[in-house]
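To keep things clear, I will list the structure first and then write my remarks on it.
Small disclaimer: the values here were computed from a predicted structure and weren't measured. Atom set for the values below is all heavy atoms of this structure, side chains included, hydrogens, waters and symmetry mates excluded.
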Amino acid sequence: MAEEQQRYRREGTGLSFDRVAFFTDAVFAIALTLIVVGIGVPVITERESGKALLDALLDQRAELISFFVGVAVVGFYWRSHHWSFEQLNAVDGGYVWWTVVYLAFVAFLPFPIRIVGTYDSNPVAWCFLALNLAVVSGMETLLLAHSQRADLRKEHVTPERARWERWMSLSPVPVFVVSGALAFVWPWLTLLVWAATPFVQLLLTRVFRPALAADG
């Protein structure tokens, strides 16, 4: 008698929802891995010389800085998407396809980050990365808007609150576009503008959110 084939039963109905979350996390993890892969080990002729190795590492400082910038950027977007996904009660086909487009630009991020690490004094490199970040932020807004229109979220909010959330989600886009232009003034000025972005968003939240809370 042939041995009966082992079967694993499905538990619960949330498989499709969970697969979207797991796939998203996997893309972010791969993007982080690809950023560090781009950093090459320095090659020195005097293998026992500490000074030679230190000089070689200093020559790679732009690559190292771009790595930590990349980790901060990818980590910021992962945290933002994680929070947005936590607000969902369901996903539909439209949300899945928008997520695929969104993740395409997230997966692309290591490429402009490596370009910045190689050509850190070139304004085009910084502008290219800034525009990529602007697109990623814009895609986050599209995902948010779709989840609101398709009633995918756990909490029902007022139209005013929903509009405020979309504007807040969209606010980094003009910042990245402007920072890309500022790169032609001084490339590292771009990074300073990015560092100020969370503080600007915090200020906007403190100014406008109390009034919206009162409306809700």
Side-chain angles (χ1 to χ4, degrees), residues 5-35 37 70-114 128-177 180 194 197-198 201 204-205 208-209 212-213 215-216:
Q5 185 176 2
Q6 189 173 9
R7 302 175 64 185
Y8 300 93
R9 295 186 178 277
R10 178 176 179 175
E11 297 182 4
T13 59
L15 180 61
S16 296
F17 187 91
D18 292 340
R19 288 183 71 181
V20 175
F22 295 153
F23 179 66
T24 302
D25 286 346
V27 172
F28 276 101
I30 292 171
L32 281 175
T33 303
L34 290 177
I35 294 173
V37 166
V71 169
V73 167
V74 174
F76 172 82
Y77 281 118
W78 176 81
R79 181 179 179 277
S80 176
H81 189 270
H82 177 75
W83 180 89
S84 297
F85 211 85
E86 282 293 311
Q87 312 309 309
L88 296 179
N89 193 45
V91 295
D92 62 2
Y95 190 91
V96 171
W97 280 113
W98 280 124
T99 298
V100 171
V101 178
Y102 167 72
L103 292 177
F105 289 100
V106 171
F108 186 72
L109 277 173
F111 178 63
I113 289 171
R114 288 178 64 182
F128 184 39
L129 176 56
L131 292 180
N132 194 168
L133 296 177
V135 174
V136 175
S137 291
M139 289 303 307
E140 282 192 331
T141 305
L142 284 175
L143 284 169
L144 173 62
H146 180 83
S147 68
Q148 292 173 341
R149 287 194 303 267
D151 194 26
L152 302 177
R153 307 184 74 190
K154 297 176 183 177
E155 180 185 1
H156 295 279
V157 297
T158 63
E160 292 79 11
R161 172 64 180 273
R163 190 161 48 248
W164 173 79
E165 289 181 350
R166 290 195 297 271
W167 277 113
M168 287 297 297
S169 176
L170 191 63
S171 62
V173 174
V175 174
F176 286 128
V177 172
W194 297 352
T197 302
Q201 287 190 308
L204 292 174
T205 301
F208 293 106
R209 191 165 185 172
L212 289 169
D215 291 338

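In this structure, CZ in F176 is found 10.0 Å from CG in N132, a value given to the nearest 0.5 Å. With values rounded to the nearest 0.5 angstrom, E140 atom CD is found 3.5 Å from S80 atom OG. Considering CG of L129 and CD1 of I113, their distance stands at 6.0 Å, rounded to 0.5 Å. Atom CZ in R163 sits 10.5 Å away from atom CD in Q148 (nearest 0.5 Å). Note that CH2 of W164 is 10.5 Å distant from OG1 of T158, once rounded to the nearest 0.5 Å. One finds the CH2 atom of W98 at 13.0 Å from the OG atom of S147 (value rounded to the nearest 0.5 Å).
Listed for the S169 side chain is no donor-acceptor partner under 3.5 Å among the backbone atoms of R166.
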**Asked** Should V106 and M139 be marked as a side chain to side chain contact (heavy atoms under 4.5 Å, CB included) after you check the CA-CA gap, both sets of side-chain angles, and the distance that decides it?
**Response** CA-CA 10 Å; V106 171; M139 289 303 307; over 6 Å; no

**F17 vs F85, ring-ring contact (aromatic ring centres under 6.0 Å, His included): CA-CA, chis, key distance, verdict** = CA-CA 10 Å; F17 187 91; F85 211 85; 4.8 Å; yes

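For Y102 and H81, the distance between ring centers is under 6.0 angstrom.
Residues Y95 and L88 form a side-chain contact, since some pair of their non-hydrogen atoms from C-beta on lies under 4.5 Å apart. Contact annotation: the side chain of L133 approaches that of L109 to within less than 4.5 Å [non-hydrogen atoms, C-beta and beyond]. Using a 4.5 Å heavy-atom cutoff, the side chains of D92 and H146 are in contact. Counting heavy atoms from C-beta on, the side chains of F23 and L103 come closer than 4.5 Å.
Under the 30°/60° scheme for interplanar angles, the aromatic rings of H82 and W78 are found to lie parallel.
A salt bridge between R153 and E165 is present, with a side-chain N of the basic residue lying under 4.0 Å from a carboxylate O of the acidic one.
Around the CH2 atom of W194, the shell of radius 6.0 Å holds more than 12 heavy atoms that belong to other residues, nucleotides or ligands.
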